[in-house]
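Everything numeric in this text was worked out from a predicted model, so none of it was measured. Residue numbers start from 1 in every chain, and the chains themselves are labelled A, B, ... in the order their sequence lines are given, proteins ahead of strands. Computation of the quantities below employed the complete heavy-atom set of this structure, encompassing side-chain atoms and omitting hydrogens, waters and symmetry-equivalent molecules.
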Amino acid sequence: MSLPPRLSRLSSSSLPKTPPLQTLLKRGFTPTLKSINQLLLFLSHSRRFNAVIHLFSQLDSNKINPNSQTHSILICSLLKLHKFEEAEHLVSTQMSKCPDFPKTRFWDSLIQGFGVIRNNPEKGLLLLKDCLSDSGTLPSSFTFCSLIHGFVSQGNMDRAIEVLELMTGDNVRYPFDNFVCSSVIVGFCKIGKPEVAVRFFENCMNSGALKPNVVTYTALLSSFNLLGKFDEGCELVYSMKKEGLALDAILYSCWILGYFRNGCLMEALRKYREMVERGINPDTVSYTVLIDGFSKEGSVGKVVGFLKKMLKDGVMPNVITYTAIMLGFCKEGKFEKAFRLFKEVQDMGIEVDEFMYATLIDGACRKGDLHDTALYQLR
DNA sequence: CTAGGGTTAG
């Protein structure tokens with residue numbers, strides 16, 4: 001089997017000529033630890049982390065004792081390969097022996113690895129506590145943030161607050177930044193406590209350390225929406241404009257949603273135009289908010305208009321967008337149109353969900369011909 | 001340096 005010319009040239013000229021260490025070892029060489037570490041470093045820098053691990057595993061049987069640098073390189077490779085359990089074991093066994101370890105960086109990677117990549121913030125928190133009890137190691141604020149965010153996305157606010165308290169503790173004293181603040185606000189909204197979210201925001205402001213950005217303000221605006229505090233939401237946006245903060249598509253969607261919930265359709269439309277005039281491109285959610293708002297009022301003309309517009313702009317509708325459109329058709333008594341769209345959505349390969357079925361069933365019931373319509377085909 | 005924020009029924 002011969003390689004095509006281009007590949008054979010590559011393999012003969014651009015790969016290192018030295019035989020791999022494994023081969024050297026087999027031939028009876030006994031390289032110094034220094035040269036081993038250099039090779040491990042080289043492998044690690046060229047991102048051949050599996051090779052690092054493999055080479056390390058051969059050291060013992062060749063009576064070569066690794067030092068702390070060897071272990072450092074190995075731990076880095078394990079972390080890169082997301083082998084967190086093995087990395088954790090090494091960190092905890094080698095830590096006390098090697099005072100020159102980049103301890104904090106290892107802890108950061110381990111806590112974030114378990115908390116975010118493994119989606120196991122509980123384990124991350126255990127490690128965080130271990131780390132804090134080992135004086136002299138203070139994980140980065142990002143590590144605290146990602147744990148908070150991990151707990152928030154699980155809806156576990158008790159734990160999120162626990163991390164928050166560690167963050168403000170005497171030996172840490174990290175300020176609450178926008179990342180933390182927005183995550184916590186969203187968390188409280190998620191568990192149905194928007195009033196607590198607003199209070200948390202106010203506390204952050206009173207502490208004086210927070211300069212809210214558009215993300216934090218959007219989370220706050222969404223809390224106001226949940227609380228039905230439409231006027232406060234508007235005031236918030238006005239003060240943002242006065243501050244000179246750049247509003248974006250997400251902020252506008254949230255604001256427009258508030259107008260719809262407050263029954264101000266024309267004002268919602270005006271804000272949409274304002275957004276476009278400012279050069280902010282509406283995305284799928286922006287359009288979905290508009291479509292849903294007009295569908296609920298039975299303004300199917302507007303709904304279809306927005307659908308065409310978004311398709312023209314290359315913004316793809318999702319299952320929520322289509323459900324909102326079907327709702328509009330059903331409200332107008334055009335169940336057949338809704339059902340035709342339903343089939344099209346399925347043909348597009350979009351996964352339909354219970355919301356879509358519920359919307360269609362409701363639409364069919366509204367028409368009253370539950371027994372002889374396409375409803376039977378819904379199965 | 002960035003992350004983090006917004007949409008659906010009965």
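Figure legend: cation-pi geometry between Lys193(A) and Phe188(A) absent, as NZ or CZ is not positioned both under 6.0 Å from the six-membered ring centre and within 45° of its axis.
Not counting sequence neighbours, Arg261(A) has no partner by the salt bridge (Lys or Arg N to Asp or Glu O under 4.0 Å) test.
Taking the charged nitrogens against the carboxylate oxygens, Glu88(A) and Lys123(A) do have a contact shorter than 4.0 Å, which makes a salt bridge.
In this structure, the ring of Tyr272(A) has its center no less than 6.0 angstrom from the ring center of Tyr252(A).
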- line: Protein heavy-atom contacts under 4.0 Å, written 5' to 3' over nucleotides 4-10 of chain B as B (base), S (sugar-phosphate only) or - (none), form the string BBBBBBS
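Of the possible donor and acceptor atoms, one in the side chain of Ser295(A) sits under 3.5 Å from a partner among the backbone N and O of Ile291(A).
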